[in-house]
Amino acid sequence: MPELPDVEGFRKYFNETALNKKIIKTELISPEMLRKGSPKDLVKYTEGEKFISSLRHGKYFFAGLSSNKYLMLHFGMTGYLIYYKLPEDAGGHIRLQFKLDDGFYLAYDNLRKFGAILLIDDPAEYIKEKELGPDPINDGLTYNKFRERVDSKSGNIKAVLMDQSVLAGIGNLYSDEILYQAGVHPSKLFSSIKEDGKKEVYKKMMSVLKAAVKKDGDHSALPGKYLLNHRSDGEKCPICGGKIVHKTIAGRTAYFCNSHQKK
DNA sequence: AATATTGTTCAGCA
DNA sequence: GTGCTGAACAATAT
């Protein structure tokens with residue numbers, strides 16, 4: 001699930017469950033997911049420490065620790081956070097588990113081991129290292145700023161929206177959703193879109209992300225006119241009655257309406 | 001049984 | 001340097 005709205009949902013969940021709690025025990029069940037540093041250090045800087053803050057940039061989540069370090073989690077395609085009292089209520093693929101001082105556990109579950117676990121010093125530095133673009137929600141991205149980031153790119157609009165160095169947080173599903181709402185074909189070049197269309201892409205990007213953040217990334221809670229709940233071939237387009245089709249664009253499976261998103 | 005999958009990164013090529 | 005494609009990563013569902 002994890003694109004910007006989903007990860008923001010995890011952050012909220014973290015705030016409601018683990019923030020300001022002390023870690024009694026740290027268990028790294030899948031040490032290969034720790035992409036740098038030693039498991040020993042992960043334990044050293046988390047056990048006995050408190051979670052004191054949380055932040056998110058794009059699809060990256062950071063939990064601030066009282067040891068002055070940050071736990072960075074990337075969720076890949078299948079990661080999520082889960083809070084539970086009984087270990088049998090944990091997900092089936094727990095990779096990292098914290099026992100908290102309230103008797104509950106907070107864990108990072110990830111079926112496929114894409115994603116990453118890291119212990120870092122400074123989120124801002126990490127974001128710079130990764131060359132992540134601005135986060136449209138956190139950074140209050142204006143239309144001018146959006147144009148500044150996107151205008152220099154020559155790839156198709158879907159690829160540009162998904163490029164984390166242009167903007168951080170949009171992936172396959174939400175890029176499709178934004179273009180569907182804006183009525184723009186995913187394989188169009190941004191430069192070939194008329195002024196009005198460009199503005200529409202920006203507006204829909206902001207409104208779709210905001211709406212999804214409000215629903216904590218829960219797709220089924222989004223309005224019926226969203227493509228997210230109609231991502232399959234031959235479905236009737238809830239906006240214009242056209243047909244939903246798919247095609248590989250920017251290396252991913254793009255779904256779009258073959259009638260109101262014209263090339 | 002072959003194929004697809006909400007993400008990232010890298011090699012190879014134009 | 002830019003952009004595109006395909007592969008790799010890993011595990012599951014259809």
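To find a chain, count down the sequence lines: A is the first, B the second, and so on, and within it residues start at 1. Quantities reported herein were computed from a predicted structural model and do not represent experimental measurements.
Checking the phosphate oxygens (OP1, OP2) of dT8(B), a side-chain nitrogen or oxygen of His74(A) falls inside 4.0 Å. When the side-chain nitrogen and oxygen atoms of Thr253(A) are compared with OP1 and OP2 of dA4(B), none of them lie within a distance under 4.0 Å. Not one side-chain nitrogen or oxygen of Lys130(A) sits closer than 4.0 Å to the OP1 or OP2 atom of dT8(B). Close to dT2(C), at under 4.0 Å from its OP1 or OP2, lies no side-chain N or O of Ser154(A). Here His246(A) does not reach the OP1 or OP2 of dA4(B): none of its side-chain N or O atoms lies under 4.0 Å away.
The residue among Lys113(A) and Asn156(A) whose nearest nucleotide of DNA chain C is located toward the 5' end is Asn156(A). Comparing Arg112(A) and Gln164(A) along DNA chain B, the residue whose closest nucleotide (by nearest heavy atom) sits nearer the 5' end is Arg112(A).
When rounded to the nearest whole Å, the span between CG of Asp163(A) and P of dC10(B) equals 14 Å. Whole-Å rounding puts the Leu167(A) CG to dT8(B) P distance at 13 Å. In this structure, CZ of Arg35(A) is placed 13 Å from P of dC10(B), rounded to the nearest angstrom. The distance between atom CD of Glu131(A) and atom P of dC10(B), rounded to the nearest whole Å, is 11 Å. If you measure from atom CG of Asp233(A) to atom P of dA4(B), you get 12 Å, rounded to the nearest angstrom. Whole-Å rounding puts the Ile249(A) CD1 to dG3(C) C1' distance at 16 Å. To the nearest angstrom, C1' of dA13(C) lies 12 Å from NE2 of His93(A). Arg252(A) has its CZ atom 14 Å from the C1' atom of dT5(C), to the nearest Å.
Between the side chains of Glu235(A) and His230(A), a donor-acceptor pair is found at a separation under 3.5 Å. Asp233(A) and His246(A) are linked by a side-chain donor-acceptor pair at a separation below 3.5 angstrom, with hydrogens and angles left out of the test.
Taking the C1' atom of each, dA1(B) and dC9(C) are spaced 22 Å apart, rounded to whole Å. Taking atom P on both nucleotides, dG1(C) is separated from dT8(B) by 23 Å, rounded to a whole Å.
Using bins of under 30°, 30° to 60° and over 60° for the plane-to-plane angle, the ring pair Tyr126(A)/Phe62(A) lands in the perpendicular bin. Between Tyr83(A) and Phe104(A), the ring planes lie parallel to each other; the angle is under 30°, not in the 30° to 60° tilted range. The aromatic rings of Phe51(A) and Phe14(A) sit perpendicular to each other, their planes meeting at more than 60°, with 30° as the lower class boundary.
Per the stacking criterion (ring centres < 5.5 Å, plane angle < 30°), Phe114(A) does not stack onto the base of dT8(B).
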